[in-house]
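Structure first, then comments.
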Number of protein chains: 2
Amino acid sequence: MDRFEELADGFKALADPTRLKIVALLNIRDCCICELVPLFGISQPAVSRHMSRLKQAGLVTETRRGQWVFYSLNRARLADFTLGVGALPDLSADLQKLESQGLLVQCTIKTS
Amino acid sequence: MDRFEELADGFKALADPTRLKIVALLNIRDCCICELVPLFGISQPAVSRHMSRLKQAGLVTETRRGQWVFYSLNRARLADFTLGVGALPDLSADLQKLESQGLLVQCTIKTS
DNA sequence: TAATGATATAACTATATGGTTATCGATCCG
DNA sequence: CGGATCGATAACCATATAGTTATATCATTA
């Protein structure tokens with residue numbers, strides 16, 4: 001696969017509004033699938049597959065903590081496509097809404 | 001359409017290796033369709049539609065000169081998606097190959 | 001061990017995408 | 001005007017994508 005195909009694949013991973021929102025959210029805080037589901041109007045498997053796509057593009061990494069899998073933004077990789085994270089709208093309000101609804105996971109388990 | 005959809009549309013325009021090559025080429029020199037066709041293994045209508053996609057995303061502008069339509073890179077717009085043009089491989093060699101084959105248009109008509 | 005909860009995967013559907021060939025429109029030139 | 005060239009559009013086809021529901025996998029906990 002030549003460089004253009006590699007780059008195109010990366011852009012494909014970013015070429016979806018839901019995945020861009022995921023990136024914007026992970027820029028604020030590591031999240032697990034169950035936190036993201038109520039934010040988007042889509043099913044858990046749909047969120048999971050979006051995350052797989054981001055993972056395959058190297059844009060996120062995962063860490064299992066107990067029964068949850070937390071996803072982190074790979075900012076260095078994101079920079080490869082030089083999407084300035086600052087260019088994304090701030091979604092703090094959405095997270096705050098989740099928190100006010102008690103939907104944020106309070107994970108006390110240490111990273112394995 | 002919210003900001004995320006707008007951004008996603010822009011990334012979609014960049015999420016194709018042929019279009020990335022077109023961007024890389026336009027970064028070197030304005031081109032018309034007939035110059036690009038022999039560079040890619042695809043038909044003239046296919047190149048034309050790729051260009052439409054880039055045009056719709058605001059990434060290129062067109063200028064008719066006689067029977068040719070020259071396309072220019074909108075670098076400011078490209079910066080919106082902050083793809084550093086420098087991140088793209090240099091395709092000068094391809095253009096030189098075209099030139100050596102006499103396939104570059106020598107347009108003497110002034111911009112209308 | 002059994003039940004529960006979080007993710008991932010499978011199978012399916014509808015739409016989007018990227019290619020083709022055929023054809024239309026516009027411009028230039030004899 | 002008539003022919004030739006460049007580009008755009010139309011119609012079609014194959015594949016990719018993003019969603020769904022159902023189910024499997026893995027970890028926690030009673």
Side-chain angles (χ1 to χ4, degrees), chain A residues 4-5 8-22 30-57 60-72 98 102-112, chain B residues 4-5 8-22 30-57 60-72 98 102-112:
Chain A
F4 285 103
E5 288 170 3
D9 277 359
F11 282 117
K12 273 183 198 144
L14 294 170
D16 177 272
T18 299
R19 287 195 291 274
L20 285 178
K21 284 175 198 164
I22 291 174
D30 290 357
C31 292
C32 55
I33 302 288
C34 65
E35 293 174 319
L36 300 180
V37 168
L39 279 184
F40 310 121
I42 61 177
S43 64
Q44 173 268 318
V47 175
S48 178
R49 298 207 41 199
H50 279 304
M51 205 60 89
S52 287
R53 204 99 163 62
L54 290 171
K55 192 170 53 180
Q56 191 179 346
V60 305
T61 57
E62 63 179 44
T63 308
R64 178 171 280 279
R65 291 186 198 167
Q67 75 192 132
W68 298 281
V69 176
F70 280 80
Y71 289 91
S72 311
L98 271 195
L103 293 179
L104 284 190
V105 172
Q106 307 300 331
C107 178
T108 56
I109 300 176
K110 295 283 187 296
T111 304
S112 59
Chain B
F4 285 103
E5 287 170 3
D9 277 359
F11 283 116
K12 273 183 197 145
L14 293 170
D16 178 271
T18 300
R19 287 195 291 274
L20 285 179
K21 284 176 197 161
I22 291 174
D30 290 357
C31 292
C32 53
I33 302 289
C34 66
E35 292 173 321
L36 300 180
V37 168
L39 278 183
F40 309 121
I42 61 177
S43 65
Q44 173 268 316
V47 175
S48 178
R49 297 203 44 196
H50 279 305
M51 206 59 90
S52 287
R53 203 98 163 64
L54 290 171
K55 193 170 50 179
Q56 192 180 345
V60 305
T61 57
E62 63 178 45
T63 308
R64 177 171 282 279
R65 292 185 196 167
Q67 74 192 131
W68 299 283
V69 175
F70 280 80
Y71 289 90
S72 311
L98 271 196
L103 293 178
L104 283 191
V105 173
Q106 307 300 332
C107 178
T108 57
I109 300 177
K110 295 285 188 294
T111 304
S112 59

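Quick note: numbers below take in every heavy atom, side chains included, and nothing from hydrogens, waters or symmetry partners. Just so we're on the same page: letters track the sequence lines, and every chain starts at 1.
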Applying a 4.0 Å non-hydrogen cut-off, can you work out what A:R49 is touching in the nucleic acid: base, sugar-phosphate, or nothing?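 Base, at least one base atom sits under 4.0 Å.
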Touch check for B:F40, heavy atoms < 4.0 angstrom, all strands: base, sugar-phosphate only, or nothing?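 Here B:F40 touches no strand at all.
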Look at the side chain of [X] and decide which nucleotide, out of [options], has an atom nearest to it.
X     : options               : answer
B:C34 : D:dG7, C:dT17, C:dA8  : D:dG7
A:P45 : D:dA22, C:dT7, C:dG18 : D:dA22
A:H50 : C:dA8, D:dG19, C:dT21 : D:dG19

Distance check: side-chain N/O of [X] vs OP1/OP2 of [N], anything under 4.0 Å?
X     : N      : result
B:S43 : C:dG19 : no
A:S48 : C:dA8  : yes
A:R19 : D:dA18 : yes
A:R64 : C:dT7  : no
A:Y71 : C:dA8  : yes

For [X] and [N], give me the distance from atom [atom1] to atom [atom2], rounded to whole Å.
X     : N      : atom1 : atom2 : result
A:Q56 : D:dA16 : CD    : P     : 13 Å
B:K21 : C:dG18 : NZ    : P     : 14 Å
B:L54 : D:dG7  : CG    : P     : 15 Å
B:L36 : C:dG19 : CG    : C1'   : 17 Å
A:E62 : C:dT7  : CD    : P     : 11 Å
A:F11 : D:dA16 : CZ    : P     : 21 Å
B:E35 : D:dT5  : CD    : C1'   : 14 Å
A:F70 : D:dC26 : CZ    : C1'   : 16 Å

Do the side chain of A:Q44 and the base of C:dA6 come within less than 3.5 angstrom through a donor-acceptor pair of N or O atoms?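 Flag unset: no donor-acceptor pair detected.
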So for A:Q67 and D:dT28, does any side-chain atom that can act as donor or acceptor lie under 3.5 Å from a complementary atom in the base?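 A donor-acceptor contact between them is absent.
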Return whichever of A:I33 or B:D16 has its heavy-atom-nearest nucleotide of DNA chain C closer to the 5' end.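 The residue closer to the strand's 5' end, by nearest nucleotide, is A:I33.
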Nearest-nucleotide wise, let me know which of A:S52 and B:I42 is further upstream toward the 5' end of DNA chain C.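 Here A:S52 is the residue nearer the 5' end.
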What are the two closest non-hydrogen atoms of [X] and [Y], and how far apart are they?
X     : Y     : result
A:C31 : A:L36 : CB-CD2, 3.9 Å
A:V47 : A:F40 : CG2-CD1, 4.2 Å
A:C32 : A:V69 : CB-O, 3.1 Å

I'd like to know if the side chain of B:R53 and the backbone of B:L14 have a donor-acceptor N/O pair within less than 3.5 Å.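 Checked: no pair found.
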A:R64 side chain vs A:G66 backbone, donor-acceptor pair below 3.5 Å: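 Yes, the answer is positive, given that a donor and an acceptor are paired below the 3.5 Å cut-off.
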Taking for each residue the nucleotide of DNA chain D with the nearest heavy atom, is it A:K12 or A:A46 whose nucleotide lies nearer the 5' end?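 The 5'-side residue here is A:K12.
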Is there a side-chain contact between A:K55 and A:T61 in this structure, where contact means two heavy atoms from C-beta onward sitting under 4.5 Å apart?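 A side-chain contact is absent here, since even the closest heavy-atom pair is not under 4.5 Å.
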